[in-house]
Amino acid sequence: MIDAFAKPELRDLVRNFTRREIVPHLGDWERAGEVPRDLHRRAAEVGLLGIGFPEEVGGEGGDLIDSIVVTEEIIQSGGSSGLIAALFTHGIALPHIVAGGDRDLIDRFVRPTLRGELIGCLAVTEPDGGSDVAGIRTTARADGDQYIVNGTKLFITSGARADFATTAVRTGDGLKLLVIQGFTVTRTLEKMGWHCSDTAELSFVDVRVPRGHEVGGIHTLLAHFAAERLSLAVQCYATAQRCLDLTLAWVRDRHTFGRPLASRQLVRHRLAEMARQVDVARTYVRHAARRVASGELLVTEVAMAKNTAVAACDHVVDQAVQLHGGLGYLRDAEVERHYRDARIMGIGGGTTEIMNEIIAKQLGV
Amino acid sequence: MKIVVLVKQVPDSGADRNLRSDDNTVDRASASNVINEMDEYAIEEALRLQEAHGGEVVILTVGPDRATESIRKALSMGPDSAVHVVDDALHGSCAVATSKVLAAAIAQQGADLVICGAESTDGRVQVLPHMIAERLGIAALTGARKLTVDGTSLTIERQTDEGYEVVTASTPALVSVWDTINDPRYPSFKGIMAAKKKPLQTLSLGDLGIAAGEVGFDGATSTVVEHSKRPPRQAGNKIDAGDDGGSKLVEYLASEKFV
């Protein structure tokens with residue numbers, strides 16, 4: 001069987017890039033609360049930012065499978081899900097602009113972002129509601145050839161650094177997505193994990209936006225949720241795999257009472273259970289991803305994939321910290337960072353409960 | 001200008017490397033094989049010259065079938081095409097025989113400039129650049145840390161322990177480079193996709209007019225008779241920081257001629 005996810009050359013490129021350009025600095029970026037713009041430019045130079053975007057809009061080509069391989073390899077080479085969130089925010093900010101097809105918007109926002117010169121974010125969630133996009137309160141009032149936008153957006157990934165925000169707003173004509181500049185960052189939010197990924201509260205006060213900046217409605221928004229959820233699911237099993245690898249190395253080295261930890265049956269069985277959960281999650285998520293990549297519109301299976309991967313990740317990061325003992329509780333121990341980073345996975349991109357609602361609806365209850 | 005870059009696939013110097021117990025050659029089958037590190041600098045230098053002066057960059061590799069992986073990786077950095085000399089009779093070739101094969105392939109390509117790494121991380125003999133240049137009757141500018149091209153005139157800064165020497169020659173010539181010369185690029189995603197479609201020509205010894213007996217074990221000018229593992233490291237001397245610790249330390253350093 002040909003493994004669609006093998007891609008040894010791409011993995012080689014991503015591994016080298018991660019080890020040279022990310023791993024040595026990640027601790028500093030975690031403390032700084034953001035990644036530098038220069039990282040975007042470097043990643044763009046080797047084509048990492050453009051993967052999954054067509055060449056006609058300044059991308060590198062490649063598909064969802066290539067994007068997944070990049071995510072897997074960054075995390076498994078010592079990166080993190082927080083780093084993915086910070087560096088690949090354009091993965092959720094740009095697809096709507098690309099799908100809208102407006103040449104001018106593509107030239108002004110998509111191309112420079114894929115060159116690493118601009119940073120974009122996706123602004124949907126509000127203080128009053130998250131996954132319930134129908135309840136969005138930020139308004140866009142038509143005024144001649146412009147919209148006047150007012151409202152607040154919360155938990156916006158890369159919002160503090162963003163040059164523009166693909167923003168969900170309510171118009172007289174229903175829910176729309178607008179590409180907006182000129183918003184205000186009211187707060188940078190401190191979080192449990194994902195420290196290198198800045199998260200912001202954005203305020204829109206009478207922001208004037210050309211009507212030509214409209215790039216879609218609620219259906220475009222919902223259609224791209226699948227890719228975002230799959231990406232989070234991939235981050236989950238990749239994080240779990242990385243924690244398993246780190247733990248395996250540790251239990252072989254660590255001796256207690258004259259024997260390596262790895263020789264204890266209790267430890268061995270825990271490792272076996274971690275490995276089983278990682279492999280099941282990876283297999284199921286990749287299966288769903290292949291179907292999505294081939295053009296199927298999957299919703300229920302993507303929700304199942306996310307919940308499966310989140311559960312595996314939660315279990316494995318917890319066991320990894322436990323098996324590392326006191327070391328695993330130290331800041332700058334890699335498993336400690338993954339443990340904190342992992343907690344967002346069952347919350348972001350639709351909570352575990354929202355995923356279960358989707359699955360239950362499919363069951364007809 | 002046509003530039004031929006020599007690329008060798010070697011066992012990863014960061015991992016365990018062994019010689020085969022049956023014929024004392026490098027164990028390539030069980031090793032993790034990569035492009036010889038210094039060759040990446042050679043490729044980068046060729047690509048920079050191409051960007052500045054135009055022309056063509058061709059990768060040349062002598063090695064077993066599996067070396068194709070490294071050739072594709074080299075191509076993903078940007079060169080135009082590759083030539084792979086592969087022949088079962090090459091197994092066991094010494095440096096002299098290998099230089100004969102490389103020189104024949106370069107002559108067939110008709111290169112203006114040959115660039116290679118100053119040494120490989122497996123053999124580390126550093127003689128191949130000189131041997132090839134001698135066989136081709138062209139200048140050998142070896143050990144470069146800087147290369148400038150002005151028309152047909154080449155100038156290098158030849159790196160030495162004390163500093164550097166400026167050496168010039170005219171094309172055709174061969175230049176070998178150290179890792180001080182540049183900072184090799186990563187292959188880009190587009191480069192990886194494009195490399196799969198780039199021309200890769202495979203040549204046998206017959207295609208180069210070389211008889212099997214001139215290379216391999218039969219044609220070898222040197223033979224590895226036996227090999228053994230490096231002995232395990234011995235425990236060092238421990239000097240306690242007692243009253244006479246200082247003088248014992250000085251005695252030891254003096255006995256080893258450090259002071």
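Numbers restart at 1 for each chain; the letters A, B, ... are given by sequence-line order, proteins then strands.
- Of the residues considered (E55(A), R20(A), K7(A)), R20(A) shows the highest number of contacts with chain B, using heavy-atom pairs under 4.5 Å.
- Counted within 6.0 Å of CZ on R268(A), heavy atoms from surrounding residues, nucleotides or ligands total 12 or fewer; the atom is thus considered open.
- Note on I51(A), L48(A), N16(A): by heavy-atom pairs under 4.5 Å with chain B, the leading option is I51(A).
- The parts of K190(B) that come within reach of chain A are both its backbone and its side chain, each placing non-hydrogen atoms under 4.5 angstrom from that chain.
- Contacts with chain B were tallied for V70(A), D66(A), V14(A); D66(A) has the most, counting heavy-atom pairs under 4.5 Å.
- The shortest heavy-atom contact between L13(A) and I192(B) is CD2-CD1, 3.8 Å.
- By the neighbour-count criterion of 12 heavy atoms within 6.0 Å, atom NE2 of H287(A) is sparsely surrounded, having that number or fewer from other residues, nucleotides or ligands.
- By the 6.0 Å contact criterion, CG on N24(B) is enclosed, its count of non-hydrogen atoms from other residues, nucleotides or ligands being greater than 12.
- The environment of CZ in R254(A) is sparse: at most 12 heavy-atom neighbours from other residues, nucleotides or ligands sit within 6.0 Å.
- Within a 6.0 Å radius of OH in Y164(B), no more than 12 heavy atoms belonging to other residues, nucleotides or ligands are found.
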